Engineer: 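Pasting in a structure now, in C-alpha cells, and then I'll have a few things to ask.
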Amino acid sequence: WNSPISWTEIVLPLGISFFTIQQMIYLVDSYYQKTDRVSSSDYLLFVIFFPQLVAGPIVRHNETLPQFAAARSSETDYLKLSKGLTWFSIGLFKKVVIADTLNLLTKVGLSQVEQLNTLDAWITSVSYTFQIYFDFSGYTDMACGAALMFGIVLPINFRSPLKAHSLTDFWSR
C-alpha cells in the first residue's frame with residue numbers, strides 16, 4: 001500500500017494500552033449499569049491518574065473513584081505518604097540499580113551472541129530474565145508508591161510471577 005506516512009512514524013501516547021483497556025471496562029460496566037453517576041472531573045481523574053497509567057495495574061473504576069473522593073475530603077495522611085515514598089524508592093532501586101545493571105550484562109552477551117559459550121549464554125539468558133522481572137517489579141512498585149503518596153491504594157499487580165507453579169499461575173501473578 002502506497003502511503004505518504006510510514007507506520008514507523010506514528011507516535012502513540014505513553015500508556016495507551018492501559019488507557020484503552022480501562023476505558024473499555026468502564027464502558028461495558030456502564031452499559032450493564034454497574035457504575036454510579038460520576039462527575040466529569042472524577043471521571044477525568046480516573047482516566048488520567050498517572051501513577052498507574054504507564055505501568056499498571058489496570059484498575060476498575062469501583063476501586064479508585066471512591067478513594068478519590070475520600071482523599072479529596074481528608075487531610076494529608078503522613079503515614080500513607082511515608083509508606084508510599086518508601087515503596088516508590090524500593091521500586092526505583094529495583095529499576096535503576098538492579099534492572100539497569102542487568103541490562104548492561106545482557107547487552108554485552110547479546111552483542112556477541114555468536115562467540116558465547118554455554119555458560120555465557122546461560123548468564124545472558126538469566127540476566128535478561130531478571131532484568132525484565134526487576135523492570136516490571138520496579139515500575140509496579142513505583143506506581144503503587146506514587147499512588148499511595150496521594151492517598152490512593154492500587155491493587156497489587158505483580159506477585160512474584162517467577163514463583164508460579166504453572167503457566168496459568170504465572171499470568172495470574
Side-chain angles (χ1 to χ4, degrees), residues 11-29 34-35 38 42-72 74 76-110 123-173:
V11 178
L12 294 174
L14 206 53
I16 189 74
S17 60
F18 290 107
F19 172 82
T20 304
I21 292 169
Q22 203 166 335
Q23 298 319 297
M24 288 173 29
I25 292 169
Y26 186 84
L27 286 173
V28 169
D29 283 352
K34 293 181 181 178
T35 60
V38 296
D42 281 347
Y43 177 75
L44 184 62
L45 181 58
F46 166 69
V47 170
I48 64 169
F49 187 58
F50 75 92
Q52 56 87 35
L53 201 60
V54 177
I58 295 171
V59 180
R60 297 183 72 107
H61 58 88
N62 57 356
E63 294 173 304
T64 53
L65 285 171
Q67 291 187 69
F68 292 150
R72 195 172 21 248
S74 67
T76 302
D77 185 340
Y78 292 104
L79 182 60
K80 281 185 180 178
L81 183 65
S82 65
K83 284 182 178 181
L85 186 58
T86 301
W87 202 350
F88 183 89
S89 299
I90 291 168
L92 187 62
F93 179 85
K94 287 179 183 178
K95 167 61 181 124
V96 173
V97 175
I98 300 173
D100 289 355
T101 301
L102 289 170
N103 180 41
L104 297 174
L105 188 58
T106 302
K107 279 185 177 180
V108 169
L110 293 177
I123 290 171
T124 301
S125 297
V126 170
S127 66
Y128 181 68
T129 300
F130 282 105
Q131 173 202 340
I132 297 296
Y133 177 88
F134 283 107
D135 262 336
F136 283 122
S137 178
Y139 282 134
T140 300
D141 288 351
M142 287 189 289
C144 291
L148 192 57
M149 285 189 264
F150 289 104
I152 306 300
V153 178
L154 295 178
I156 301 298
N157 184 39
F158 198 82
R159 296 180 301 112
S160 303
L162 296 180
K163 294 179 185 174
H165 299 286
S166 68
L167 191 56
T168 305
D169 187 26
F170 176 83
W171 285 111
S172 72
R173 291 170 170 262

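When reading the values below, keep in mind they use all heavy atoms of this one structure, side chains included, and skip hydrogens, waters and symmetry mates. Quick caveat: nothing in here was measured; it's all calculated off a predicted structure.
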Engineer: How close do A143 and L154 get, counting heavy atoms only, and between which atoms?
Structural biologist: O-CD1, 3.9 Å

Engineer: Among V97, I90, V96, which one satisfies side-chain contact (heavy atoms from CB on, under 4.5 Å) with F93?
Structural biologist: V97

Engineer: Compare all side-chain heavy atoms of V153 with those of L148 and state whether any distance is below 4.5 angstrom.
Structural biologist: yes

Engineer: Check G145 against W87 and note the closest heavy-atom contact, atom names and distance.
Structural biologist: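 Closest approach of G145 to W87: CA-CB, 3.9 Å.
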
Engineer: To the nearest 0.5 Å, tell me how far S127 OG sits from I132 CD1.
Structural biologist: 10.5 Å

Engineer: Looking at Y128 and T106, what are the two nearest heavy atoms and their distance?
Structural biologist: N-OG1, 3.3 Å

Engineer: For K95 and Y139, which heavy atoms make the closest approach, and how far apart are they?
Structural biologist: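 The pair with the smallest heavy-atom distance is CE-OH, 3.1 Å.
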
Engineer: Under 3.5 Å, is there a donor-acceptor pair between the side chain of S137 and the main chain of Y133?
Structural biologist: no

Engineer: Hey, what do you get for NZ (K34) to CD1 (I25), rounding to the nearest 0.5 Å?
Structural biologist: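 So the NZ of K34 and the CD1 of I25 are separated by 11.5 Å.
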
Engineer: Between CD1 of I98 and CG of N103, what distance do you get to the nearest 0.5 Å?
Structural biologist: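 Separation between the atoms: 13.5 Å.
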
Engineer: So how far is it from L105 CG to K107 NZ, rounded to the nearest 0.5 Å?
Structural biologist: 12.0 Å

Engineer: Closest heavy-atom contact between F88 and M142?
Structural biologist: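 Minimum heavy-atom contact is CD1-O, 3.2 Å.
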
Engineer: Working to the nearest 0.5 angstrom, can you tell me the gap between D77 CG and F150 CZ?
Structural biologist: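 So the gap between those two atoms works out to 14.0 Å.
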
Engineer: Any chance you could measure T124, atom OG1, to L102, atom CG, to the nearest 0.5 Å?
Structural biologist: 11.0 Å

